[in-house]
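Everything below concerns the one structure shown next.
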Amino acid sequence: MSSHNLSHIQIDDLEILGYSVAGEETVIAVPQLDVCFDVGKAPDQIISINHVLLTHGHMDHSAGFAYYLSQRNFCGISPGTILAPANLIRTMQEILESWGRLDGNRIPARLIGVQPGDEFAIKPNLFARAFPTKHTAGSVGFTVLEKRKKLKNEYAGLTGPQIVELKKQGIAIDNPLEIPIVTYLGDTQYVDFAQLDYVVKSKILIAECTFYEDEHVGRASAGRHMHVDEFAGLLGRLDNKHIIISHLTQRTPMGEVRKMLKKALPPEIHDRVIILMDRRYRSHRGE
Ligand SMILES: [Zn+2]
Ligand SMILES: [Zn+2]
């Protein structure tokens with residue numbers, strides 16, 4: 001039986017599973033890409049996913065990392081890979097050693113420290129790229145992108161053998177092509193992410209927008225989170241086909257959040273927005 005009742009969103013061939021409430025727990029998985037953004041309390045549904053991309057060390061995002069690794073060991077699956085801000089790795093190792101002593105079993109792990117700009121290969125053509133966020137020291141967001149090669153226009157009409165011949169001569173016949181699939185901002189206060197081309201062009205954006213009410217502007221900046229007014233400005237400069245909002249405060253009821261989002265966003269942007277934890281959305285989709 002599943003340990004969590006996760007939200008479930010289907011976007012074309014990608015399934016997004018998750019749970020995200022500010023201060024309580026955030027874990028958002030994309031099984032087809034074999035990644036889980038943050039690890040919350042490690043729900044059963046994410047244990048078999050091979051890569052956890054951890055954005056920062058706050059307990060509501062990271063509590064499950066040792067359990068995730070330990071459960072994989074228990075189930076006989078290969079050690080999980082966790083990408084995390086480089087400044088957290090030593091502490092994470094210490095936690096694993098302590099848990100190992102408490103449990104009586106060593107916990108196999110592959111912990112990889114990342115800094116903004118680093119890339120890690122998830123599959124041969126699929127990469128996770130880290131970028132800086134403004135939340136805690138070293139905090140990062142991640143874009144998962146596919147890399148392909150595209151034949152240069154001038155060679156488009158050539159036959160297979162002609163292409164092979166050009167390759168033999170060492171001629172570069174194709175251009176590299178990047179297709180950003182999903183970007184996860186993690187927790188962050190407002191930053192102009194529109195300066196990052198791969199964030200702008202990500203097909204799916206998973207973004208925190210924690211606060212909505214006017215009197216919560218101060219809370220947003222104190223906790224280094226985004227307020228809907230800043231978020232609306234940011235979305236106007238991005239080009240994402242699907243925007244999934246996570247990390248809502250429990251201080252504002254869902255019905256109010258829906259109203260405030262509708263008021264803050266122009267209709268053409270609002271049409272592309274899904275609130276991860278909005279059960280109404282799920283029932284609209286008949287799930
Ligand atoms: Zn958080
Ligand atoms: Zn946080």
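Both counts, for ligands and for their atoms, begin at 1 and track the order of listing. Excluded from the calculations below are hydrogen atoms, water molecules and symmetry mates; all remaining heavy atoms, backbone and side chain alike, are included. Just so it is clear, the model here is predicted, and its values are computed rather than measured.
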Subject >> Lys/Arg N to Asp/Glu carboxylate O, R251 vs E256, below 4.0 Å >> reply: no
Subject >> With R224 via side chain to side chain donor-acceptor pair (under 3.5 Å) - residues at least two apart >> reply: Q189
Original post:
Are any of the side-chain nitrogens in D60 or K41 under 4.0 Å away from the carboxylate oxygens of its partner?
Top reply: no
**OP:** Answer yes when K123 and D34 have at least one side-chain N-carboxylate O distance shorter than 4.0 Å, and no when they do not.
**Re:** no
Original post:
What's the count of protein N, O or S atoms under 2.8 Å from the Zn ion (ligand 2)?
Top reply: 4
Original post:
Is R258 paired with D278 through a side-chain N to carboxylate O contact shorter than 4.0 Å?
Top reply: yes
Original post:
Are R72 and N50 close enough that a side-chain donor and a side-chain acceptor fall under 3.5 Å?
Top reply: yes
Original post:
Looking at H247, which of its N, O or S atoms is the nearest one to the Zn ion (ligand 1)?
Top reply: NE2
